[in-house]
Protein chains: 2
Amino acid sequence: MSDVARAAGVSAMTVSNVINGHPHVSEETRRRVAEAVDRLGYRMNYAARHLRSGTTGVIGLAVPGIDQPYYGHLAALVIAGARRLGYRVAVEQTGASREGETEALAHSRLRTYDGLIMATVELGEEDGGALFADFPVVTLGERFRGAHVDHVGMANFEGAGDATRHLLERGCRRIAVIGGRAEGESGAATLRTAGHLAALADAGVARDDALLAGCAFTTAGGAEAVRRLRDGGVPFDGALCLTDSLALGVVRGLRDAGLSVPGDVLVVGFDDIPGAAYAVPSLTTVAPGHAEMVAAALEMLTERIAGRRPAGEVRSFTGPHRLVVRESTTR
Amino acid sequence: MSDVARAAGVSAMTVSNVINGHPHVSEETRRRVAEAVDRLGYRMNYAARHLRSGTTGVIGLAVPGIDQPYYGHLAALVIAGARRLGYRVAVEQTGASREGETEALAHSRLRTYDGLIMATVELGEEDGGALFADFPVVTLGERFRGAHVDHVGMANFEGAGDATRHLLERGCRRIAVIGGRAEGESGAATLRTAGHLAALADAGVARDDALLAGCAFTTAGGAEAVRRLRDGGVPFDGALCLTDSLALGVVRGLRDAGLSVPGDVLVVGFDDIPGAAYAVPSLTTVAPGHAEMVAAALEMLTERIAGRRPAGEVRSFTGPHRLVVRESTTR
DNA sequence: TTGTATGCGTTATCAG
DNA sequence: CTGATAACGCATACAA
């Protein structure tokens, strides 16, 4: 920068002012500096700016695994949105473990990042707001609902209810809930299951807990869950899969069992991942409003980073959901 | 740091030495400093270290889109591997455009990142090594083969040949090449197509250019290509899809046309993305040795960053490929 | 084994 | 409208 200053016959301070578009610089000076910058191929040293300003221009994004379609889709939106706001995004993988999530948070606090968007799968309210004190964090998912942290979530309860009503309308009476669990930590799975059960009750359809098939939230887990249900002699004519990845596995598992979708079993997923539309059969699913969620998360985070909102004032946002009907429930 | 120094009764320099694990520090001093660090909750300011050392501890990963399964899978491996080496990873999305790729490179050079791993889809040799001078870059993909840049690639030609031989062995005689193109820039598509044509020739099977179905490299593109082939009255009994994403679309498109896989048409993909194993039918595909490729890329990059290899000495690595046979080619 | 002096490149402040 | 000064927090070189 001092080289540029010398070349333009001004001080380094004036170069800085030109670069940052400060108002009180004469047109002539601005022009001379710009010319020198071009000629010398000068580039700002961000490390120095960061040292001076205390910011890094980088936000962290902590997700269980970037190779999971849902988080990949989310990350694409976050990276694109952050870029428009002048931030780059560093991705951390937590492996959906409490340890990984805690560590991602710890790294971020080292002032390496200006803020963190974290998909919390394990970390919950009981881990205490202390973890988040004094650092801009937005949680994504369900574990932190109600805690003293900004939060962006989706309509798990309502979405699962819509999906269930859809299956009931199309004639299902025994709906397996893949990944379902009636109790336990208040995660997305529990909320979606609750939404399902509420919809069943409203419709006066009997509940059978044998249909709640808890399993790993992976494609393999879905296939495995189908196998267990059938081995256990539990009949079902519909499957509410708590994620699309599970649903892909369920379709796979049903096929292995010689059953067809939607011929023998209707299948609904959740998340509307990119692959859902092109699966065979294409998946009926609950689209949780990804774009709106990401926009809200970035807005909350930048608001915090800029210090525009007092620490005590917590915001929350729930994405607009809608049921996308495709082949897996269309006979 | 000076607060810690004061608390421990030493100089800031000694604190620095303790933190960086320098050898010549007495056990007693080390202990006192560590205690003070804990008590005061001191954290290193990375911006300052970066300003001083010229390194950031961050490497960039530039890919067309992190939501594409292939790149998501790659990114997961890169992030995990980089972490073991003490680096974090910032993801840039280039949108597979020359502009995006150039920009990712420019950003990286601003010393924001210590190095860059870039999946080059558009940027090619003609863009000149000048872009890469003086900055650690490893290219991933085919566009830079032979240029003066470190490069990690896969066995496109050989893999496509293996896939083609596999289809021929199982009785196919008219193999559509989805995404195929006989000429044009020397990208992965061209190399894979060439491998296919060479295998055909070796087997003495007639080539029909009507079977080369160029299209967008997306799932939608695959479905669309099938539609065009059928509308054009081009019969085929096998499909070599140049990526797994395309293959998923092809399966989809065939089904829309009332054809079954593998009943009517055998389908092979390329890349072995995570979804390939759980698709219905599961996809036969060419696995390009992702893990080995990522390991090689990281090793080349860190070697460059550490300055352990002269600028003129360029390395190249090709992943070990193998054909994974699954349902889509098993009648 | 520990400490002192110095500078990395930028920008806030305030004087001119 | 422009410039001199100082400071952000750390680590290299060298002295003690």
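We use all heavy atoms of the structure for the numbers below, so side chains are in, but hydrogens, waters and symmetry mates are not. Letters go in sequence order (proteins before strands), and every chain restarts at 1.
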Practice prompt. Output yes when A/Arg31 and A/Glu28 qualify as a salt bridge under the 4.0 Å nitrogen-oxygen rule, no when they do not.
Written response: yes
Which nucleotide in the set [options] lies at the smallest distance from any side-chain heavy atom of [X]?
X       : options               : answer
B/Val25 : D/dA11, C/dT10, C/dT2 : C/dT2
A/Ser26 : D/dC1, C/dC8, C/dG3   : D/dC1
B/Met1  : D/dT2, D/dC10, C/dT2  : D/dC10
A/Thr14 : D/dT2, D/dC8, D/dC10  : D/dT2
A/Met13 : D/dT12, D/dA4, D/dC8  : D/dA4

Worksheet item: Do B/Ser53 and B/Thr55 have a side chain donor and acceptor closer than 3.5 Å?
Response: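 Yes, because at least one side-chain N or O of B/Ser53 sits under 3.5 Å from a partner of the opposite role on B/Thr55.
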Discussion item. Just by distance, no angles: are the side chains of B/Thr56 and B/Asp114 close enough, under 3.5 Å, to form a donor-acceptor pair?
Written reply: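 Checked: B/Thr56/B/Asp114 side chains pair up, N/O donor to acceptor below 3.5 Å.
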Value in whole Å for how far the [atom2] atom of [N] lies from [atom1] of [X]:
X       : N      : atom1 : atom2 : answer
B/Leu51 : D/dC10 : CG    : P     : 11 Å
A/Glu27 : D/dT2  : CD    : P     : 10 Å
B/His22 : D/dC14 : NE2   : C1'   : 15 Å
A/Arg52 : C/dT11 : CZ    : C1'   : 5 Å
B/His24 : D/dA13 : NE2   : P     : 15 Å
B/Ile19 : D/dC10 : CD1   : P     : 7 Å
B/His50 : D/dC8  : NE2   : C1'   : 15 Å
B/Arg30 : C/dT1  : CZ    : P     : 9 Å

Worksheet item: Want to settle it: does B/Ser11 or A/Asn20 sit nearer the 5' end of DNA chain C, counting the closest nucleotide to each?
Response: B/Ser11
[N] phosphate, OP1 or OP2, under 4.0 Å from [X] side-chain N/O:
X       : N      : answer
A/Asn17 : D/dC1  : no
B/Ser16 : D/dC10 : no
B/Tyr42 : D/dC10 : yes
A/Ser53 : C/dT10 : no
B/Asn45 : D/dC8  : no
A/Ser2  : C/dG9  : no
B/Arg49 : D/dA11 : yes
B/Thr29 : C/dT2  : yes

Item to complete: For B/His73 and B/His290, run ring-ring contact (aromatic ring centres under 6.0 Å, His included): C-alpha distance rounded to whole Å, both residues' side-chain angles, the deciding distance at 0.1 Å, then the answer.
Response: CA-CA 9 Å; B/His73 187 199; B/His290 292 121; 4.7 Å; yes
Worksheet item: Given the rule in the salt bridge (charged side-chain N to carboxylate O under 4.0 Å, His left out) test, do A/Glu303 and A/Arg308 qualify, once you have shown the distances and angles that lead to the verdict?
Response: CA-CA 5 Å; A/Glu303 208 178 38; A/Arg308 285 201 303 273; 5.1 Å; no
Worksheet item: Do the side chain of A/Gln93 and the main chain of B/Ala76 share a donor and acceptor less than 3.5 angstrom apart?
Response: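 Yes.
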